[in-house]
Structures are given as C-alpha cells and as structure tokens.
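Read through the structure below, which is laid out as structure tokens, and then see the notes.
Remember, predicted model here, so these are calculated numbers, not experimental data.
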Amino acid sequence: MSNQIVRKYNLNGNTIFVEKVNQTQYISRVINGTLTDKYDHIKLKYVTAAKDLLTVKQFFELIITDRFEQKNKDYIIKIYRDFNQVRHCKDMSEVLKYAKWASHFIPNTFYKWNDRSVENLRYVQWMVFDFELRKSNGKCFLPAEVYEIFNQTVGFAPSIIKDSKTKGNYHVFLKHTSINGSTESTYLFRRIQAKIVEIIGCDTGAVGANHPFSIPKKEQKIYYFGDNVIDFNDLKNWWYKLITEDNKRIKYTANSNGKVSSLTEHMVWNHPAIQALLNHEYGGGSRNQAGFTLALLFYAMNKDRKETINFLKEEWYPKVPQAGRSPYRLSEIDASVKSAYEKDYSGPSKEYIEALTGIEFNIKIYKSQSKRVERHNQNDNQEAIINYFRERNCEVKMIKKELIEDICKTQVSALGKPFSYKSIERNLDRLKKEEVLMWEAKPGRYVKPSIFKLNDGIQSEETVIEEDYNVYVLGEVIS
C-alpha cells in the first residue's frame, strides 16, 4: 500500500513530497525533475523494452559511425573534463581513452580543434534532448516509456536513450540524415529541436547542435532501440507544418487587436537582437556574417559608409572573440561594407539576425528603392569613381583637380592599394564620354568649381521599418 501524499512543494528547483506513513510518522521525498501528468497514462504501443544495452565503446561507435575513417577529412570529437580541460579526438582510440577521464562530450563533429562554436561544426547527425520529467506522483519514467513519449507525441523514434547523471533523467538521441554546419542549417536544426523541446517538455537549456552531454559512466545504462534514422527533410516538413499553424494564429492576433504598432528607428536600435549584434553578446555564429549583417543594417538605416566602417572597426571589432579561432581580420570588415553598400541588397536578413543571436526579430528593415544602372566590364578605377559619388548622393561641387585628389585619397582598390591621379583622371573623362558622369567646366580666367553628377539610375530611397511575422528558411518565406 502506497503512502498518502499530504504535501507537495518546490525548493531550489526540486519537488518535495511529504508522505504520511502512519498516524505519527511522516517522510520526505526529493524529486530531481519536473512533475507532469501529461504522460501518466502513456502506453507501450511500439516497444516493450530496449533492443539491447550498449557498452561505452558500442555507444561511441554508433555516435561517430565512419567519420574517422574518411580520407582527406579531419573530424574532431570534443571531450571535456571541465570546460577548461578539453581533448580533441581524431580517432576512436583517443575517444575511448579520454572518455574514462572526461565528463562531457559533443555528439556532432567539428572542423577544427580550437573551439566549439557553431561556425566550426562540420557534420551534424544527432539531435539530443535532456529529458527531466517525472510522473505526477514523482515516479520516474522507464526508458521504453520515454521512447513512446517521443514516438507518440512528435512521431520520431529515438535510437538511443541513456541514463543521465541524475537518476531517472535521460538523454534522448534522435539520429537524422546528416547536415552541414552552415549558419542556415544549424539555425534550422535549433528551431526544430526547440519545437520538440517545447512540445514534450524537455530542458530548454540543452538546445543546439554544439551542446555538450554527459559521458555515460559505469552505473549509467545505455539503451539501444535500433538504428532509427530520420530523414532531416521529414523533421523540416514536420516543423514547417507546425510553425505555419502557429504563425497563422500570431498574425490573426496581431491583425485583430485593433492596434497599429508604429515602429521607429529608436525601437530598431534598442531591440534585444540588434543590441546583441552590436555588442557581440551572443554565443556563436559566423563573425563574418555578423559583420555583414550589421553593415546591411547600417546601410538600410541610412548611415554613411564612413560611419559604418568606423563603428565596425573601432567599437565592434575589439569585442569579437579571436582566441582559439581562425583569424577574423579588419580586411573582412572592409569587404562586408563594400558588399553591403555596392551590391544589390536592400537591408539585413531577419533570418540571419535570428540565427546569429537566437532572439526572435519580427521586424523587416529595407530601403524602398535601390535601383541602379549596372555597368558591365567597369574597371577598378571606374568602380572607385562611381562608389565615391554614390557615397555623396551622386552629386558633388568641386574643382576637377581637387575631385580627383579626393577620390585617390578616400577610395582604396580591392588589393588595398591607392589609385593613381592619372588613372582616375583618364577614367573620369571616359565616364563623361559614356554619359555616366555629367559636368560642365565653368568659363573664366580662374578655375571655378563644377557640379559633377552621377547618372546612376538611383531614385529617392526611403528606409522602411515594418512588422514581419513571416518565417524564413534559407531566405524563402514558408509561412
């Protein structure tokens, strides 16, 4: 006969049960987990027990598969004793050796030894969940019940379920077809994983393809349920369907509340996602893509190129982590700003802002018109001249000699070399002949300033800031 529960309360994240044994005796039980009645009546529909119990060696062989055997490719498995002591393993013998010494590992593999940032991920095949739920009476779920929870709730069957450090908690491994470690792929991975976490009720802090999990020790069992490989496209389509339904509800609420939100420049600059980018306060992602996204933001917000370069080089660059990573150079900032201001972009990508920061950003920022006459086969000198005028709203009033000197002073070639006076002068006259540039020399004894105009086809541009509840994947709206 079970004891009567007379009191239940939370203390330091744990649930305390006070049970009555008899008229004078009471006992307390501490539950290291989250209580739920959602799965109290889960039935064993697909399995009754695991197919096998794995050794640590068998476990790592299943996790790593044949990655160490592939020629001309280095795959790194990271194993941690603590987060100051790490080993970078390139073969199975190293993994097994350090697994005895270490406490955590990352199931997905990396390009480089130096850090575990998302941008260094090479091969992603495992989506892992930290399952810390308990039944409403405080009892633990059996591994087969955890398998059924995933299979019946989201329709995806785990391959491995292993004991966590805390008795009754589990790490649940879903195996899927491999994806690369690009920003777009890992962000999509994270969004799918977060949705499964939300539906089932797993630990929200254990999300991401580069998240570490505990290495199984002697007392912890590893349950094998079969090689249940999930097509990543199936995961993606499952998420598409759910997010489309969610987004319809969000849009309906936004459109039916009777309020119109007036988005301002101040709101954009103070948005948590933008602040995270500006101050480099986020946990990963490509530094180069972050710099380019900021350059596009400054461009769309009508900041001139010089202000953008000064901010990125003098304020943002010193905050960018360099230790343990391949060099991120100032020249890459120059290239990002050049692309943002000269190529056919209208503003930053909402998808990339969310991918880099992990913060929802329901704002679209763009220039309403950005039509330019594209000139093919233009040389570096002509490009420098055209860029000079674009930076100055396509019109300047100067003496020709001073104009050429200023172009040579302010513009830099793709190789980082200055332009010669004669080359700029020659190409300036050529652009006039082609009617790309227009000016008239002022008559008189003394040289007078002329008005130089660039016939660039640019119409008046306005910055548009508007709400955007669409969901983007690889630049395409999916809902």
TODO: Indicate whether any N or O donor in one side chain lies under 3.5 Å from an N or O acceptor in the other, for Q289 and T183.
DONE: yes

TODO: Check for a donor-acceptor pair, side chain of E94 on one end and backbone N or O of K90 on the other, with a separation under 3.5 Å.
DONE: yes

Open item on the list: If you define the side chain from C-beta out and look only at heavy atoms, does anything of T308 sit under 4.5 Å from D304?
Closed with: no

Task: Side chain to side chain, Y123 and N108, heavy atoms closer than 4.5 Å - done: no

Open item on the list: Within the 3.5 Å criterion, strictly below it, is a donor on D380 or Q382 matched to an acceptor on the partner's side chain?
Closed with: no

Task: Side chain proximity check, N279 to K319, heavy atoms < 4.5 angstrom - done: yes

Task: Trace of the side-chain contact (heavy atoms from CB on, under 4.5 Å) decision for I385 with N427 - done: CA-CA 8 Å; I385 294 168; N427 282 280; 3.9 Å; yes

Task: Within 45° cone of W239 ring axis and under 6.0 Å: R191 NZ or CZ - done: no

Task: Sub-6.0 Å ring centroid separation between F298 and W269 - done: yes

Open item on the list: Going by ring-ring contact (aromatic ring centres under 6.0 Å, His included), name the residues that satisfy it together with Y147, two or more places apart in sequence or in a different chain.
Closed with: F225

Task: Minimum side-chain heavy-atom gap T186-L188 below 4.5 Å - done: no

Report, one line per pair, each donor and acceptor closer than 3.5 Å where one atom sits in a side chain of residues 154-164; sequence neighbours left out.
residue : atom : partner : partner atom : Å
S159    : OG   : G226    : O            : 3.2
S159    : OG   : N228    : N            : 3.1
K162    : NZ   : H171    : ND1          : 3.0
K162    : NZ   : S214    : O            : 2.9
K162    : NZ   : S214    : OG           : 3.0
D163    : OD2  : K221    : N            : 2.9

TODO: Take S185 and I179, measure what side-chain contact (heavy atoms from CB on, under 4.5 Å) needs, and give me the verdict at the end.
DONE: CA-CA 7 Å; S185 296; I179 59 172; 4.2 Å; yes

Open item on the list: Please tell me whether K367 and N302 have a donor and an acceptor in their side chains that are separated by less than 3.5 angstrom.
Closed with: yes

- [ ] Quick one: do F173 and Y223 satisfy ring-ring contact (aromatic ring centres under 6.0 Å, His included)? Show the steps, please.
- [x] CA-CA 10 Å; F173 290 71; Y223 304 91; over 10 Å; no

Task: Side chain S349, main chain Y352, donor-acceptor under 3.5 Å - done: yes

Open item on the list: Once rounded to the nearest 0.5 Å, what's the spacing between atom CG of D468 and atom CD of E351?
Closed with: 11.5 Å

Open item on the list: Quiz question: by atom type and distance under 3.5 Å, do the side chains of R67 and T109 form a donor-acceptor pair?
Closed with: yes

Task: Smallest separation among heavy atoms of F292 and A340, with atom names - done: CE1-N, 3.8 Å

Open item on the list: Is the distance between the ring centroids of F105 and Y98 under 6.0 Å?
Closed with: no

TODO: Could you pull out all residues at least two apart from F232 that satisfy ring-ring contact (aromatic ring centres under 6.0 Å, His included)?
DONE: H176

Open item on the list: Looking at every non-hydrogen atom in both residues, tell me the closest pair between A290 and L356 and how far apart they are.
Closed with: CA-CD1, 3.7 Å

- [ ] Determine the minimum heavy-atom distance between F141 and Y170, stating which atoms define it.
- [x] O-OH, 2.7 Å

TODO: Show your working on salt bridge (charged side-chain N to carboxylate O under 4.0 Å, His left out) between K313 and D334 and close with a plain yes or no.
DONE: CA-CA 9 Å; K313 287 188 173 181; D334 289 326; 2.9 Å; yes

Task: Residue pair E148 / Y46: nearest heavy atoms and the distance that separates them - done: OE2-N, 2.5 Å

Task: Residues which pass side-chain hydrogen bond (donor to acceptor under 3.5 Å, both in side chains) with Y39, listed by chain and number, not counting sequence neighbours - done: none

Open item on the list: Any heavy-atom pair between the side chains of V207 and R190 that's under 4.5 Å?
Closed with: yes

Open item on the list: How long is the straight-line distance from CD of E145 back to CD of Q152, given to the nearest 0.5 Å?
Closed with: 10.5 Å

Open item on the list: Measuring from atom CD1 of I106 to atom CD1 of I63, what distance do you get when rounded to the nearest 0.5 angstrom?
Closed with: 13.0 Å

- [ ] Quick one: sort the F452 and F389 rings into parallel, tilted or perpendicular, breaks at 30° and 60°.
- [x] tilted

Open item on the list: Can you confirm whether more than 12 heavy atoms, excluding those of R329, are under 6.0 Å from its CZ atom?
Closed with: no

Task: Check: R390 and L454 side chains under 4.5 Å, non-hydrogen atoms - done: yes

Task: Student check: side-chain heavy atoms of N270 and I274 closer than 4.5 Å - done: no

Task: Pairwise side-chain contact, K350 with K364, heavy-atom cut-off 4.5 Å (strictly under) - done: no

TODO: Give a yes or no on whether the backbone of E395 and the side-chain of N393 come within a donor-acceptor separation of less than 3.5 Å.
DONE: no

Task: Rounded distance [0.5 Å steps], SG in C202 versus CD in Q193 - done: 9.0 Å

TODO: Give the C-alpha distance, both sets of side-chain angles, the deciding distance and a yes or no for side-chain contact (heavy atoms from CB on, under 4.5 Å) between N387 and R392.
DONE: CA-CA 9 Å; N387 291 337; R392 291 156 180 80; over 6 Å; no

Task: Contacts of K38 that satisfy side-chain contact (heavy atoms from CB on, under 4.5 Å) - sequence neighbours left out - done: T36

TODO: Go through the side-chain N and O atoms of Y187 and E354 and say whether any donor and acceptor fall under 3.5 Å apart.
DONE: yes

Open item on the list: Can you tell me if K217 has over 12 outside heavy atoms packed within less than 6.0 Å of its NZ?
Closed with: yes

- [ ] For L133 and G201, work out which heavy atoms get closest and say how close.
- [x] CD2-O, 3.4 Å

Open item on the list: If we ignore hydrogens and angles and just use 3.5 Å, is the side chain of S339 paired with the main-chain N or O of A335 as donor and acceptor?
Closed with: yes

TODO: Enter the distance from N381:CG to Q411:CD here, rounded to the nearest 0.5 Å.
DONE: 11.0 Å

- [ ] First locate atom CD of E265, then atom CD1 of I365, and finally report the distance between them rounded to the nearest 0.5 Å.
- [x] 9.5 Å

Task: Within 45° cone of Y299 ring axis and under 6.0 Å: K303 NZ or CZ - done: no

Task: Residues that A273 engages under side-chain contact (heavy atoms from CB on, under 4.5 Å), provided they are two or more places apart - done: H271, I353, T357, I359, F361

- [ ] Tell me, with the steps shown, if V128 and H211 meet side-chain contact (heavy atoms from CB on, under 4.5 Å).
- [x] CA-CA 9 Å; V128 188; H211 189 82; over 6 Å; no

Open item on the list: Which heavy atom of T293 sits nearest to which heavy atom of P348, and what is that distance?
Closed with: O-CB, 3.8 Å

